[in-house]
Amino acid sequence: MQGKMHEKSLPRHVSKSNRMIVETSGPSKRLYQVWKGSNKFFLGGRLIFGPDVRSLMLTIPLIVVPVILFSLFVSQKLINEFQHQLGKFIVAFAVLFAAYDIVILFLTSGRDPGIVPRNAHPPEPADNGNSSLRLSSELSGVYGGSSSLPPTKDVFVNGIIVKVKYCNTCMLYRPPRCSHCSICNNCVERFDHHCPWVGQCIGRRNYHFFFMFVSSTTILCLYVFSFCWVNIKKIMDAYECNLWGAVLKSPVSGFLIIYTFIGAWFVGGLTTFHIYLICSNQTTYENFRYRYDGKMNPYNHGCFHNVKEVLFSGIPKSMNNFRAKVIEDSARFTSLHSTGQVMAPDLPKPSFDLDIGVKRHTVSAEELEDIQNQFEIMPLERCDTQPPHLIWTDEKGNWDDELVAGFGTKHNWERTHDIEASSAEFGTESGFGDRFHSEAAR
């Protein structure tokens with residue numbers, strides 16, 4: 001009964017072989033529990049943060065504390081100075097806008113930025129019939145070396161050739177504008193940068209939230225800065241004192257003026273820079289790495305279309321279902337995509353005979369039978385107590401003419417280590433010597 005219940009929880013399209021692996025590999029876990037990236041998950045995989053999520057414990061106070069100080073020490077005097085409930089509105093707007101800024105911060109930090117799922121195996125090299133390239137790729141994959149796959153590929157983007165790189169960690173060719181974040185250890189679509197202030201990568205699925213965050217923080221800084229100056233001016237007029245005297249009477253206003261001025265320069269400059277990137281349809285990574293100013297930007301469609309694409313296009317669905325059930329023992333059985341596609345688990349790595357430098361293929365029973373039919377050998381009981389011993393060439397390496405005349409072409413009768421390994425694997429007696437002597441006697 002328990003096995004049937006487990007089977008029902010699996011996707012319908014899982015193949016029979018994969019279903020056997022799933023059923024026998026051990027207890028299942030959620031994808032976020034066996035995730036290979038450096039991300040931190042909360043609420044059962046519903047929230048995904050970067051490894052430096054603790055930086056939010058600094059970012060949030062930097063936003064909230066100045067607003068609290070403004071509401072407690074500055075706005076009280078403004079409420080008395082302004083009539084018709086305007087003073088209360090000034091305070092309420094600051095508090096509500098700060099709350100909005102925190103919500104945008106969590107929407108930026110706590111979501112999938114556009115992580116590209118890893119492949120279970122590297123892609124097959126496009127060798128155009130060159131088997132040595134594929135063999136080299138398989139050898140390097142088994143023994144931990146770098147793959148022989150080309151490090152880059154050329155793709156066309158709006159009629160312009162763009163090079164995409166192969167990621168050895170994720171075992172895939174990155175889509176255009178995708179890059180691997182060394183901090184989160186993931187390939188991210190339309191990778192912009194990794195922001196330590198929000199503790200997350202900034203990519204295709206959270207970039208416009210990030211822009212809203214930095215721009216709203218800039219507005220909040222300017223708002224507090226402006227009304228602190230208004231408060232200082234009111235004090236100067238009320239007490240007929242100079243600037244220094246007004247600051248002494250309201251030191252919190254003086255502190256917030258300096259604090260918000262520095263903050264406005266920082267986040268304001270960042271907002272201005274990203275306005276330029278949006279209008280030219282660039283990312284921070286592309287701007288610093290490729291410098292499109294001196295050459296054609298394949299993603300630039302004009303300022304209006306660029307702003308529409310970046311800020312007003314729909315957010316694509318995540319390619320990862322972090323709450324999907326996977327098998328703990330199957331390390332490569334990593335994800336159920338949003339489309340429900342299951343990536344295949346690891347298969348046994350092929351073995352290689354390094355002494356002779358050739359691959360020993362695992363031959364199925366049907367292939368072994370075909371080999372035996374090719375040799376036209378009937379199963380005969382071996383009477384010799386000695387192990388089979390065939391010498392197809394003499395000491396000088398010449399072929400035995402009688403055997404060649406009796407059994408056909410030379411290359412069909414050379415005994416290889418592959419046939420021995422296949423015979424031993426499937427429990428087939430390798431009494432080829434007696435069989436060939438029997439054929440020769442005929």
Side-chain angles (χ1 to χ4, degrees), residues 49-50 52-71 73-75 90-111 113-114 181 183-184 188 190-232 252-288 303 306-307 310-312 315:
F49 295 88
D52 48 351
V53 62
R54 293 183 179 179
S55 62
L56 292 177
M57 299 176 65
L58 174 63
T59 304
I60 293 175
L62 289 176
I63 299 172
V64 173
V65 171
V67 175
I68 294 176
L69 295 176
F70 176 79
S71 302
F73 299 99
V74 179
S75 61
I90 293 173
V91 178
F93 182 83
V95 173
L96 293 177
F97 201 79
Y100 163 80
D101 201 25
I102 297 300
V103 171
I104 296 298
L105 171 62
F106 276 100
L107 288 176
T108 304
S109 180
R111 70 188 299 117
C181 176
I183 299 176
C184 293
V188 179
R190 201 185 184 277
F191 177 78
D192 191 88
H193 69 287
H194 183 96
C195 181
W197 296 101
V198 303
Q200 181 63 285
C201 286
I202 306 302
R204 184 181 180 186
R205 299 190 70 251
N206 65 348
Y207 177 79
H208 68 285
F209 287 116
F210 170 78
F211 178 75
M212 292 169 63
F213 168 69
V214 295
S215 59
S216 61
T217 305
T218 302
I219 295 173
L220 184 61
C221 286
L222 295 176
Y223 183 86
V224 175
F225 176 82
S226 301
F227 279 99
C228 284
W229 270 115
V230 171
N231 186 49
I232 292 293
V252 175
S253 295
F255 168 76
L256 289 179
I257 286 174
I258 298 175
Y259 179 86
T260 54
F261 177 79
I262 297 174
W265 268 107
F266 175 74
V267 293
L270 192 61
T271 301
T272 304
F273 174 66
H274 279 277
I275 290 175
Y276 160 73
L277 294 180
I278 292 171
C279 292
S280 58
N281 205 341
Q282 300 182 60
T283 64
T284 302
Y285 181 81
E286 292 169 348
N287 181 265
F288 282 92
C303 181
N306 292 338
V307 173
V310 176
L311 296 182
F312 299 100
I315 301 176

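As the structure is a prediction and not an experimental result, all values here were calculated from the model.
Looking at residues two or more places apart in sequence or on another chain, you find a ring pair (Phe, Tyr, Trp, His ring centres under 6.0 Å) between Tyr207 and His274. The ring pair (Phe, Tyr, Trp, His ring centres under 6.0 Å) test applied to Phe97 returns Phe93, Tyr100, not counting sequence neighbours. Residues meeting the ring pair (Phe, Tyr, Trp, His ring centres under 6.0 Å) test with Phe49, sequence neighbours left out: Phe42. Judged as a ring pair (Phe, Tyr, Trp, His ring centres under 6.0 Å), and not counting sequence neighbours, the contacts of Phe227 are Tyr223. Taking Thr271 as the reference, Thr218 meet the side chain to side chain donor-acceptor pair (under 3.5 Å) condition, with sequence neighbours excluded. Shown here are the side-chain contact (heavy atoms from CB on, under 4.5 Å) partners of Val64, two or more places apart in sequence or in another chain: Ile60, Ile68, Ile102. For Arg190, the side chain to side chain donor-acceptor pair (under 3.5 Å) partners two or more places apart in sequence, or in a different chain, are Asn281. Every side-chain contact (heavy atoms from CB on, under 4.5 Å) that Val65 has, sequence neighbours left out, goes to Pro61, Leu69.
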Acceptor/donor pairs from residues 191-200 side chains to any protein atom, 3.5 angstrom cut, sequence neighbours excluded:
| residue | atom | partner | partner atom | Å |
| --- | --- | --- | --- | --- |
| Asp192 | OD1 | Thr284 | N | 2.9 |
| Asp192 | OD1 | Thr284 | OG1 | 3.4 |
| Asp192 | OD2 | Thr284 | OG1 | 2.7 |
| His194 | NE2 | Asp52 | OD1 | 3.2 |
| His194 | NE2 | Asp52 | OD2 | 3.0 |
| Gln200 | NE2 | Ile48 | O | 3.0 |
| Gln200 | NE2 | Ser109 | O | 3.1 |
| Gln200 | NE2 | Arg111 | O | 3.2 |

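Separation of atoms OG1 (Thr283) and CZ (Arg204) is listed at 13.5 Å; rounding is to 0.5 Å. Note that the CG atom of Leu277 and the OG1 atom of Thr272 stand 11.0 Å from one another [nearest 0.5 Å]. Here CG of Leu270 is found 10.0 Å from OG of Ser215. Values are rounded to the nearest 0.5 Å. Taken from OG in Ser253 to CD1 in Ile258, the straight-line distance is 11.5 Å, to the nearest 0.5 Å. Taken to the nearest 0.5 Å, the CG atom of Leu107 stands 11.5 Å off from the CZ atom of Phe213.
For the salt bridge (charged side-chain N to carboxylate O under 4.0 Å, His left out) condition, no pair includes a residue of residues 257-285, sequence neighbours left out. Applying the salt bridge (charged side-chain N to carboxylate O under 4.0 Å, His left out) test to every pair with at least one member in residues 99-108, sequence neighbours left out, gives no pairs at all. A side-chain hydrogen bond (donor to acceptor under 3.5 Å, both in side chains) check over residues 255-270, counting only residues at least two apart or in different chains, returns nothing.
The two residues Asn287 and Tyr276 come nearest to each other via the heavy atoms ND2-CE2, 3.7 Å. Residues Leu220 and Ala94 approach most closely at CD1-O, 4.0 Å, considering heavy atoms. The two atoms that bring Val188 and Pro113 nearest to each other are CG1-O, 3.9 Å, heavy atoms only. In plain terms, the two heavy atoms of Cys221 and Val267 that are nearest each other are SG-CG2, 4.4 Å.
Put simply, the side chain of Ile232 does not reach to within 4.5 Å of the side chain of Cys228, judged on heavy atoms. For the pair Ile275 and Phe211, the minimum side-chain heavy-atom distance is below 4.5 Å. Between His208 and Phe312, every side-chain heavy-atom pair lies at or beyond the 4.5 Å cut-off. Under the 4.5 Å side-chain criterion, counting only non-hydrogen atoms from C-beta, Leu256 is not in contact with Phe225.
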* **Trace of the side chain to side chain contact (heavy atoms under 4.5 Å, CB included) decision for Phe73 with Asn231** => CA-CA 10 Å; Phe73 299 99; Asn231 186 49; over 6 Å; no

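Applying the 6.0 Å contact sphere to CZ of Phe273 captures more than 12 heavy atoms from other residues, nucleotides or ligands.
Between the side chain of Asn206 and the backbone N or O of Cys201 there is at least one donor-acceptor pair closer than 3.5 Å.
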